[in-house]
Amino acid sequence: METTEAGIYIFCGVQLEEEKDFGSITVEETDRNIFTIHFKDAAMVAAEVPMKIYKPSKENLMMHQNVITKVMNTCDTVIPISFGNVFKTKEDVAVLLENLYPQSSELFPKIKGKIEVGLKVIGKKDWLEEQVQQKPEIGAIASTVHSKSEAAGYYDRIKLGEAAQKMITSLQQNIQTDIYQPLEAYAEAAVLNDPIGERMLLNASFLIDKEREAEFDEQVNIAHDQWQDKVDFQYTGPWPAYNFINIRLTVEET
């Protein structure tokens, strides 16, 4: 029977000097022990798995995230690693750790005891329609478009799209002023990500101190109470500091 060569899958980096056992995780229906590989005070959380390309299926992505969540429950300093990185040997991972050490040693004090949370603010459909109705110039262009043939109304549709986008941009700026900036004051760092979809008015990530998580949550609740009739909140986390770390690994297929 043909056997598959073993490889070392890495989940995340941690600041840890002593070896640590993180239990086990099921990788494609097989339980795998989770262990650490070390260089000085830096370590990679890893598992021995078949050496192959792992598809980003929902099950595999959840497996990856579940391990990182488990590590976050016991370690204060976690550097997330992107999904699907498999190395041939533990020695290869140790070499990687050594090469990354100048970066990770700078990152450790910056993210120690910190977590990331995400906030997406999505405009309610009825409220957005009310905002459109309050803009007579949009209504006028829309009426012109409807009164013309498809070919004749081409440039009017462009104007309509531009006017609608201008309105959305204005609402996004208002949300940034009323929601993002006050929350930014309670965070160690914050970043604005590109909105996803036409109704998303804010897509932000915040790096916060674990000890201030409850305080930050309360500020989110205050903002939600003020805006709940107009928008929906999607508040997620805690996550490791994905949006505040530049280390990204790519393992080429061999």
Visitor: Is it the case that more than 12 heavy atoms not belonging to E59 sit under 6.0 Å from its CD atom?
Guide: no
Visitor: Pair L192, L202 - check side-chain contact (heavy atoms from CB on, under 4.5 Å), show working.
Guide: CA-CA 8 Å; L192 285 169; L202 179 70; 3.4 Å; yes
Visitor: Under the ring pair (Phe, Tyr, Trp, His ring centres under 6.0 Å) rule, collect the residues that match up with Y186, sequence neighbours excluded.
Guide: none
Visitor: Determine whether F87 and I10 make a side-chain contact, defined as any pair of heavy atoms from C-beta on separated by less than 4.5 Å.
Guide: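 Yes, their side chains come closer than 4.5 Å.
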Visitor: Identify, with sequence neighbours excluded, every residue that meets ring pair (Phe, Tyr, Trp, His ring centres under 6.0 Å) alongside F35.
Guide: none
Visitor: What I'd like to find out is whether the side chain of K210 reaches to under 4.5 Å of the side chain of K114, using heavy atoms alone.
Guide: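 No, every pair of side-chain atoms sits at 4.5 Å or beyond.
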Visitor: Could you tell me which residues satisfy side chain to side chain donor-acceptor pair (under 3.5 Å) with D92, sequence neighbours excluded, listed by chain and number?
Guide: T89
Visitor: Salt bridge (Lys or Arg N to Asp or Glu O under 4.0 Å), that's the test. Do K52 and E28 meet it? Break it down for me.
Guide: CA-CA 12 Å; K52 65 175 187 176; E28 296 187 347; 2.6 Å; yes
Visitor: Quick one: pull up CG in L107 and NZ in K110 and give me the separation to the nearest 0.5 Å.
Guide: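 Taking CG in L107 and NZ in K110, the distance rounds to 6.5 Å.
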Visitor: Quick one: which residue pairs count as a salt bridge (charged side-chain N to carboxylate O under 4.0 Å, His left out) with a foot in residues 219-229, not counting sequence neighbours?
Guide: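 Output for this query is empty, none listed.
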Visitor: Got a list of side-chain donor-acceptor pairs under 3.5 Å for residues 13-22, not counting sequence neighbours?
Guide:
residue : atom : partner : partner atom : Å
Q15     : NE2  : D41     : OD2          : 3.1
D21     : OD1  : G23     : N            : 2.7

Visitor: Between F39 and N99, does a side-chain contact (heavy atoms from CB on, under 4.5 Å) hold up when you go through it step by step?
Guide: CA-CA 10 Å; F39 177 79; N99 291 336; over 6 Å; no
Visitor: Any side-chain heavy atom of V67 sitting closer than 4.5 Å to one from C12?
Guide: no
Visitor: Indicate, with yes or no, if the rings of F83 and F11 have centres closer together than 6.0 Å.
Guide: no
Visitor: Would you say R199's side chain and G123's backbone share a donor-acceptor pair under 3.5 angstrom?
Guide: yes
Visitor: Do V27 and Y9 have side chains that approach each other closer than 4.5 Å (heavy atoms only, starting at C-beta)?
Guide: no
Visitor: Could you pull out every donor-acceptor pair under 3.5 Å between side chains of residues 213-222 and any protein atom, sequence neighbours left out?
Guide:
residue : atom : partner : partner atom : Å
E215    : OE1  : R212    : NE           : 3.0
E215    : OE1  : R212    : NH2          : 3.4
E215    : OE2  : R212    : NH2          : 3.2
D217    : OD1  : Y235    : OH           : 2.5
N221    : ND2  : D217    : O            : 3.4

Visitor: Tell me, do I111 and I79 make a side-chain contact under 4.5 Å, heavy atoms counted?
Guide: yes
Visitor: Kindly give the cluster partners of I122, where membership spreads through any ILVMFWY side chain lying under 4.5 Å from a current member.
Guide: I196, M200
Visitor: Is any side-chain heavy atom of I81 less than 4.5 Å from a side-chain heavy atom of M44?
Guide: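 A side-chain contact exists here, since the closest heavy-atom pair is under 4.5 Å.
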Visitor: Tell me, with the steps shown, if H64 and Y54 meet ring-ring contact (aromatic ring centres under 6.0 Å, His included).
Guide: CA-CA 11 Å; H64 184 91; Y54 285 85; over 10 Å; no
Visitor: Which residues pass the side chain to side chain donor-acceptor pair (under 3.5 Å) test with W227, not counting sequence neighbours?
Guide: none
Visitor: How would you list, by chain and number, every residue that makes a salt bridge (charged side-chain N to carboxylate O under 4.0 Å, His left out) with K124, sequence neighbours excluded?
Guide: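 Checked K124 against salt bridge (charged side-chain N to carboxylate O under 4.0 Å, His left out); matches are D232.
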Visitor: What residue pairs, at least two apart or across chains, pass side chain to side chain donor-acceptor pair (under 3.5 Å) with a residue in residues 65-80?
Guide: Q65-T69, Q65-Y242
Visitor: Excluding sequence neighbours, so at least two apart, what forms side chain to side chain donor-acceptor pair (under 3.5 Å) with D31?
Guide: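 Side chain to side chain donor-acceptor pair (under 3.5 Å) list for D31, sorted by chain: T26.
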Visitor: Closer than 3.5 angstrom, by distance alone: can the side chain of E116 be matched with the main-chain N or O of N243 as a donor-acceptor pair?
Guide: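 A pair under 3.5 Å: yes.
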Visitor: Any side-chain heavy atom of Y180 sitting closer than 4.5 Å to one from L201?
Guide: no
Visitor: Are E5 and P50 side-chain neighbours, meaning at least one heavy-atom pair lies under 4.5 Å?
Guide: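 A side-chain contact is absent here, since even the closest heavy-atom pair is not under 4.5 Å.
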Visitor: Who are the side chain to side chain donor-acceptor pair (under 3.5 Å) partners of S105, not counting sequence neighbours?
Guide: none
